[in-house]
Amino acid sequence: MAQNPAYEMIWQVVAAIPVGKVATYGQVAELAGVPGAARLVGRCLSQLPEGSRLPWFRVINASGRISLPVGSEGYHRQVKLLQEEGVAVLNGKIRLADFRW
DNA sequence: CGGGTGACTATAA
DNA sequence: TTTATAGCCACCC
């Protein structure tokens, strides 16, 4: 899929996010060694195959919200998966205590 | 090399 | 709190 090292790093970082916690795109980018490339992270996740084991749902934007269109299938799935891990999602916002920061 | 794009961000109004 | 704007980075024509 990605021959590009940045993508592999991103996947590695996302896979390292602990269960029950979330991280922002910007933070993932930084930890992946490509600070400032938050958009790259989003691009990377958007291209993930559906059956991927990557915990993509643990990645949210800097506002503590899900970056998928509200009401979309992906949005709904992300909320469900997060709540199943104990991450509180109220009014579309992830509880601050669930962030890694 | 130039221009458009996106699951982003920070800042200003 | 919401909307605009302007940077951001890598990718793809």
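Quick note on labels: first sequence line is chain A, next is B, and so on, each numbered from 1. Scope of the values below: all heavy atoms of this structure, side chains included, with no hydrogens, waters or symmetry mates.
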- Task: Only counting residues at least two apart or in another chain, list the ones meeting side chain to side chain contact (heavy atoms under 4.5 Å, CB included) with A/Ala15.
- Result: A/Leu54
- Using salt bridge (Lys or Arg N to Asp or Glu O under 4.0 Å) as the criterion, list what pairs up with A/Arg65, not counting sequence neighbours. none
- Message: Side chain of A/Ser46 only, heavy atoms from C-beta on: which candidate in B/dC8, B/dA10, B/dA7 is closest?
- Response: B/dA7
- Item | Contacts of A/Gln83 that satisfy side chain to side chain donor-acceptor pair (under 3.5 Å) - sequence neighbours left out | none
- Between atom CG in A/Asn61 and atom P in B/dA7, what is the gap in whole Å? 12 Å
- Whole Å only: how far is the OH atom of A/Tyr25 from the C1' atom of B/dA10? 17 Å
- Query: Excluding sequence neighbours, so at least two apart, what forms side chain to side chain contact (heavy atoms under 4.5 Å, CB included) with A/Ser72?
  - Reply: A/Leu68, A/Pro69, A/Tyr75
- Query: Between A/Gln78 and A/Ile60, is any pair of side-chain heavy atoms under 4.5 Å apart?
  - Reply: yes
- Message: Going by side chain to side chain contact (heavy atoms under 4.5 Å, CB included), name the residues that satisfy it together with A/Glu85, two or more places apart in sequence or in a different chain.
- Response: A/Val19, A/Phe57, A/Arg58
- Which whole number of Å gives the distance between the C1' atom of B/dA7 and that of C/dC13? 22 Å
Polar atoms only, N or O, under 3.5 Å: list the protein pairs with nucleotides 11-13 of chain B and their distances.
none

- Message: Filter on salt bridge (charged side-chain N to carboxylate O under 4.0 Å, His left out), then keep only pairs touching residues 28-51 of chain A, sequence neighbours left out; what's left?
- Response: A/Glu50-A/Arg77
- Rounded to the Å, how far apart are A/Arg65 CZ and B/dT9 P? 13 Å
- Message: For nucleotides 6-13 of chain C, give me one character per nucleotide, 5' to 3': B if any protein heavy atom sits under 4.0 Å from the base, S if the only such contacts are to the sugar-phosphate, - if neither.
- Response: -BBSSBS-
- Query: Rounded to the nearest Å, what distance is computed from the CG atom of residue A/Asn91 to the C1' atom of nucleotide C/dT1?
  - Reply: 13 Å
- Across all chains, not counting sequence neighbours, the side chain to side chain contact (heavy atoms under 4.5 Å, CB included) partners of A/Val13 are A/Val28, A/Leu31, A/Ala32
- Message: Rounded to whole Å, how long is the line connecting atom NE2 of A/His76 with atom C1' of B/dA7?
- Response: 18 Å
